Each structure stands twice: as structure tokens, then as C-alpha cells.
*Asks:* 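First the structure, then my questions, so here it is.
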Amino acid sequence: MNINLPNFNVKNLVKEAGSTISRVVQLTEEKLGTTERTEYDLHFQNLAERADVTKTWTEKIVRDTESVLIPNPQNRVEDFIFEKIEKSKPKRLSNLEHLALDMIEAGGDFGQDLPYGQALIKVGQAEQKLGQCEHDFIATSGICFTQPLRKFLDGEMKTISKERGILETKRLDLDACKNRVKKARSMLGQQSAERDLRVAQAEFDRQSEITKLLLDGISTSQASHLRHLHAFVQAQVRYYKQCGDTMEQLQRELAKMQHPKPRLRINSEDVDGGPPSSVSMHSCDSDSVALDSDPDPDQNKSLDNLLEDFRIEFDASAISTVIFVTECSPVNEDYMYGKQGLMKGLVPRAFVEMLDEEHDITL
């Protein structure tokens with residue numbers, strides 16, 4: 001049986017193990033303060049600090065923006081998983097769309113020919129438009145803002161972090177070589193340590209330049225982020241304008257819908273015990289009545305007796321009539337006393353409109 005084993009370079013393996021041990025020793029001594037360490041120049045430190053701040057705040061901005069666009073954390077996790085497995089996201093209905101469907105269905109059950117059913121259907125259709133606007137806004141914001149920023153974090157910032165890690169490793173190797181040079185006693189050992197020091201210094205300088213170039217590139221990235229931010233604001237302006245236009249259109253459509261005016265029918269008996277008669281009173285366009293200046297003596301009848309004598313019914317159609325009204329005794333906040341010929345009854349104030357200072361009213 002032939003077994004293919006990987007080719008191990010024992011020499012390189014031992015060398016890498018020795019380098020790792022020396023780095024651990026160097027880092028431990030630095031933590032304990034028993035050895036010196038090579039410090040980065042001030043310019044490099046400023047670049048590194050700016051990179052750290054950029055990474056921290058960009059992560060927060062992306063996370064907060066995604067929370068605004070998709071409030072449900074479970075949906076955000078689901079979208080993230082679908083992105084990683086490179087599959088299309090499921091089509092989900094928003095809360096607005098759920099509300100729209102329920103309103104439209106309810107309007108159909110209540111009756112499309114009735115005012116309430118018609119209004120529910122109109123509002124449901126408007127909510128559907130709002131839901132579609134919301135979907136478009138989320139998709140646009142993801143393309144123009146969150147995705148570019150996340151790409152920056154997953155690409156450029158990860159590369160910078162990787163190169164900074166390599167630079168820190170080179171710095172530990174450099175300081176370890178400096179310590180070996182200090183501790184070397186024999187001439188042969190000192191020459192070997194100095195040679196390793198020169199190699200470590202060259203590698204450190206080269207890696208430092210590479211890292212600086214990457215850190216300098218953050219300025220260019222932030223200029224690109226500014227353009228993405230403007231695009232996000234424009235998407236928001238367009239979204240809210242679409243929502244405002246949709247709701248204004250809905251208001252106009254609801255205002256145009258015809259609503260039947262209620263009719264009030266008062267059935268009563270004459271005080272003398274005559275047969276029942278009725279007076280129909282409605283809001284009218286042109287008819288008006290004057291307040292009776294000489295009210296009937298029966299108006300002083302107690303309110304309790306009046307409520308027993310008269311029965312109020314409502315109808316959906318609308319007519320107009322002329323009656324005389326006066327205050328009940330005692331005064332009632334909801335009703336007035338109405339009279340037309342021999343017919344008398346209680347008139348709800350909600351259906352009474354005073355036309356002039358002489359107490360002319362419209363019902």
C-alpha cells in the first residue's frame with residue numbers, strides 16, 4: 001500500500017517554532033516591563049488610530065442602518081445566512097402589506113357598495129402602495145449604502161488588520177533580535193545575531209511601508225462613503241415623498257366618496273291623546289326654521305316624561321323639514337324640544353345648526 005505523506009521541511013518547521021517561542025518570550029518580557037520595544041513613528045500611530053475609529057463607527061452605522069431598514073432581528077439573521085450560501089432571499093410581506101390585505105378582505109366582506117367597505121378597500125390599496133415603497137427603499141438603501149460599507153469592512157479593513165498583525169509580528173522578531181545582540185557574548189554568536197537583526201529590520205521596514213500605504217487609503221474610502229451617504233439620503237427623500245403623495249391621494253379619494261346623510265324620525269302621540277304622527281328631520285341645504293317665540297306650554301313637561309312619550313329612530317335617507325325648537329325644561333345638553341303644528345318631539349342637538357342670531361336652525 002502506497003501512502004502519500006505531505007512533504008515536511010523539518011528545518012523550516014524548527015525555525016518557525018523557534019521564532020514563535022522567541023516572540024512569546026519577547027511579548028511576555030514587554031508586558032512585564034523587563035525589555036524595550038520598538039515604537040512606531042507618530043504618523044503611523046495617527047493612521048492606526050484613525051483606522052481603528054473608522055472600523056468601529058462604520059460597523060455601528062451599518063448595524064444601526066440595517067436595524068432601521070429591517071427591524072426584525074430574525075429576518076436580518078436569515079438574510080445574512082442566505083447571502084453566505086448565495087441564495088435568493090425569501091419574499092416576505094411587511095406589516096403594512098399584512099394590514100393592507102386584511103383591510104381589503106374586510107372591505108369585501110362588509111360590502112363594496114357600503115361607505116365603510118369602500119373606505120377600507122381604498123385604505124388597504126394605499127397601504128399596499130406604502131408597503132411596495134418600503135420594499136423599494138430597503139433594496140435601494142442596501143445597494144447604495146449598507147452593502148458598500150459592509151464590503152469595505154469585509155475587504156479593505158480586513159486586509160489592513162491582517163497587515164497590521166504581520167507588522168506586529170515583524171516588530172516582535174526585530175526586538176527579539178535586538179535582545180539577542182545585547183546578550184551575545186562570543187564573537188561568532190554576535191555576528192550571527194547582528195545578521196539576523198539586519199534581516200529583521202529590513203522585513204520590519206518593508207512591512208511598515210506596506211501597512212502605511214493601506215492606512216493612507218482610508219481617506220479615499222471615506223470620500224467614497226460620503227457619496228454613499230448622499231445616495232442613502234436621496235433614497236430616504238424619495239421614499240418619504242412617495243409615502244406623502246400616496247396618503248394625500250388617499251385623502252382626496254376618501255373626501256370624494258359620497259356618504260349618506262342620516263335622517264332622524266320622531267314618532268310621538270299628541271298631548272290630547274290623538275293618533276301617532278311622525279316628523280322627519282335632516283340636515284338640509286336650503287330650508288331653515290325660526291325658533292318659536294311663543295313655545296307651547298307642553299314644553300315645560302319634565303324630560304323624563306318626554307323620553308317616555310317620544311321614540312327616536314334613524315334612517316339612511318335624507319329629507320328636509322321646517323320645525324320650531326326651544327330648550328327643554330330642565331335644559332338638556334343632548335336634546336332640544338321641537339314642534340311642528342300638532343307634532344312634537346325631542347331633537348338631538350347634533351342634527352341642529354343655528355343659521356342666524358334669531359335662532360333659525362337647519363336639521
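Everything numeric in this text was worked out from a predicted model, so none of it was measured.
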*Asks:* Tyr240: what forms a ring pair (Phe, Tyr, Trp, His ring centres under 6.0 Å) with it, not counting sequence neighbours?
*Replies:*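 Once residues adjacent in sequence are excluded, Tyr240 has no partner under the ring pair (Phe, Tyr, Trp, His ring centres under 6.0 Å) criterion.
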
*Asks:* Where is the tightest heavy-atom contact between Cys328 and Met336, given as atom of each residue plus distance?
*Replies:*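 Of all heavy-atom pairs spanning Cys328 and Met336, the closest is SG-C, 3.7 Å.
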
*Asks:* Could you grab the distance from atom CE of Met247 to atom CG of Leu254, nearest 0.5 Å is fine?
*Replies:*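 So the CE of Met247 and the CG of Leu254 are separated by 8.5 Å.
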
*Asks:* Is the number of heavy atoms from other residues, nucleotides or ligands within 6.0 Å of NZ (Lys129) greater than 12?
*Replies:*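 No, because the 6.0 Å sphere around NZ of Lys129 holds 12 heavy atoms or fewer from other groups.
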
*Asks:* Do Phe137 and Leu130 sit in one hydrophobic cluster, given that two such residues count as connected whenever their side-chain heavy atoms are within less than 4.5 Å of each other, even indirectly?
*Replies:* no

*Asks:* Can you tell me how far CG of Leu93 sits from CD of Gln128, rounded to the nearest 0.5 angstrom?
*Replies:* 9.5 Å

*Asks:* I need the minimum non-hydrogen distance between Met257 and Pro115, along with the two atoms involved.
*Replies:* CE-O, 3.7 Å

*Asks:* Any salt bridge linking Arg92 with Glu97? Criterion: basic side-chain nitrogen under 4.0 Å from a carboxylate oxygen.
*Replies:* no

*Asks:* Do you know the tightest heavy-atom contact between Val331 and Arg349?
*Replies:* CG1-NH2, 4.1 Å

*Asks:* Answer yes if the side chains of Asp136 and Gln132 hold a donor-acceptor pair under 3.5 Å, and no otherwise.
*Replies:* yes

*Asks:* Go through the steps to decide whether Ile104 and Gln125 satisfy the test side-chain contact (heavy atoms from CB on, under 4.5 Å), and finish with yes or no.
*Replies:* CA-CA 7 Å; Ile104 293 174; Gln125 292 171 346; 4.2 Å; yes

*Asks:* Can you name the nearest heavy-atom pair linking Tyr337 to Glu327, along with the distance?
*Replies:*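 Result for this residue pair: CB-O, 4.5 Å.
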
*Asks:* Do Phe145 and Leu69 make a side-chain contact, defined as non-hydrogen atoms from C-beta onward lying under 4.5 Å apart?
*Replies:* no

*Asks:* Sequence neighbours excluded, which residues qualify as salt bridge (Lys or Arg N to Asp or Glu O under 4.0 Å) partners of Glu209?
*Replies:*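 Salt bridge (Lys or Arg N to Asp or Glu O under 4.0 Å) check on Glu209 returns nothing, list empty.
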
*Asks:* For the atom pair CD (Glu194) and CD (Gln190), what is the distance rounded to the nearest 0.5 Å?
*Replies:* 4.5 Å

*Asks:* Main chain of Gln112, side chain of Gln118: is a donor-acceptor contact present, judged purely on distance under 3.5 Å?
*Replies:*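 Answer holds: yes.
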
*Asks:* Would you call Arg63-Glu59 a salt bridge at under 4.0 Å N-O?
*Replies:*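 Between Glu59 and Arg63 there is no salt bridge, as every charged N stays at least 4.0 Å from the carboxylate O atoms.
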
*Asks:* Should Arg171 and Asp175 be marked as a salt bridge (charged side-chain N to carboxylate O under 4.0 Å, His left out) after you check the CA-CA gap, both sets of side-chain angles, and the distance that decides it?
*Replies:* CA-CA 6 Å; Arg171 200 270 308 164; Asp175 289 341; 2.7 Å; yes

*Asks:* Run Arg37 and Leu172 through side-chain contact (heavy atoms from CB on, under 4.5 Å) and show every step you take.
*Replies:* CA-CA 8 Å; Arg37 58 168 291 168; Leu172 289 173; over 6 Å; no

*Asks:* For the residue pair Gln201 and Asp205, confirm or rule out a side-chain donor-acceptor distance under 3.5 Å.
*Replies:* yes

*Asks:* Take atom CD in Glu105; do more than 12 heavy atoms of anything else shown fall under 6.0 Å from it?
*Replies:* no

*Asks:* Minimum heavy-atom separation for Thr211 and Glu163, please, with both atom names.
*Replies:* OG1-O, 3.6 Å

*Asks:* For a quick check under 3.5 Å, do Thr38 and Lys178 share a side-chain donor-acceptor pair by atom type?
*Replies:*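 Yes.
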
*Asks:* Would Glu156 and Ser221 count as a side-chain contact (heavy atoms from CB on, under 4.5 Å) if you check the C-alpha gap in whole Å, the side-chain angles of each, and the deciding distance to 0.1 Å?
*Replies:* CA-CA 9 Å; Glu156 187 173 342; Ser221 298; 2.7 Å; yes

*Asks:* Consider only side-chain heavy atoms of I, L, V, M, F, W and Y, link residues closer than 4.5 Å, and tell whether Val123 and Tyr116 are in one cluster.
*Replies:*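 Yes, same cluster.
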
*Asks:* Looking only at non-hydrogen atoms, find the nearest pair between Arg50 and Leu215 and report the distance.
*Replies:*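 Heavy-atom minimum between the residues: NH2-O, 3.4 Å.
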
*Asks:* Evaluate the criterion side-chain contact (heavy atoms from CB on, under 4.5 Å) for residue pair Leu214 and Lys162; output intermediate values, then yes/no.
*Replies:* CA-CA 11 Å; Leu214 292 174; Lys162 177 183 177 181; over 6 Å; no

*Asks:* Could you state the interatomic distance from OG1 (Thr65) to CG (Leu149), rounded to the nearest 0.5 Å?
*Replies:* 8.0 Å

*Asks:* Thinking salt bridges, do Asp52 and Arg164 make one under a 4.0 Å N-O criterion?
*Replies:* yes

*Asks:* Taking atom CD1 of Ile160 and atom CG of Leu167, what is their separation to the nearest 0.5 Å?
*Replies:* 12.5 Å

*Asks:* Are Leu229 and Tyr239 joined in one hydrophobic group, where the rule is that I, L, V, M, F, W and Y side chains link up if heavy atoms are under 4.5 Å apart?
*Replies:* yes

*Asks:* With His225, which residues qualify under ring pair (Phe, Tyr, Trp, His ring centres under 6.0 Å), at least two apart?
*Replies:*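 Applying ring pair (Phe, Tyr, Trp, His ring centres under 6.0 Å) to His225 gives Phe152.
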
*Asks:* Answer yes or no: is there a donor N or O on one side and an acceptor on the other, between the side chain of Ser224 and the main chain of Thr220, under 3.5 Å?
*Replies:* no

*Asks:* Arg150 and Gln147: side-chain donor and acceptor closer than 3.5 Å?
*Replies:* no

*Asks:* State yes or no: do Phe110 and Ile121 share one hydrophobic cluster built from I, L, V, M, F, W and Y residues joined by side-chain heavy-atom distances below 4.5 Å, directly or via other members?
*Replies:* no

*Asks:* With a 3.5 Å distance limit and no angle check, can you tell me whether Ser208 reaches the backbone of Phe204 through a side-chain donor-acceptor pair?
*Replies:*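 Not confirmed, Ser208 side chain does not pair with Phe204 backbone.
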
*Asks:* Tell me whether the count of non-hydrogen atoms from other residues, nucleotides or ligands lying under 6.0 Å of CG in Asp113 goes above 12.
*Replies:*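 Counting neighbours around CG of Asp113, 12 or fewer heavy atoms of other residues, nucleotides or ligands fall under 6.0 Å, so no.
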
*Asks:* Side chains of Glu168 and Tyr40: do they bring a donor and an acceptor to under 3.5 Å?
*Replies:*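 The answer is yes; a qualifying pair exists.
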
*Asks:* Do the side-chain N and O atoms of Gln207 and Glu203 include a donor-acceptor pair separated by under 3.5 angstrom?
*Replies:* no

*Asks:* Quick check for you: to the nearest 0.5 Å, what is the distance between Ser94 atom OG and Ile138 atom CD1?
*Replies:*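 Nearest 0.5 Å value for the OG-CD1 distance: 7.5 Å.
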
*Asks:* Are any of the side-chain heavy atoms of Leu174 and Lys170 separated by less than 4.5 Å?
*Replies:*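 Side-chain contact under 4.5 Å: no.
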
*Asks:* Check this for me, if you would: do Asp64 and Lys60 make a salt bridge, where the nitrogen-to-carboxylate-oxygen distance has to be below 4.0 angstrom?
*Replies:*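 Judged by the 4.0 Å cut-off on N to carboxylate O distance, Asp64 and Lys60 do not form a salt bridge.
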
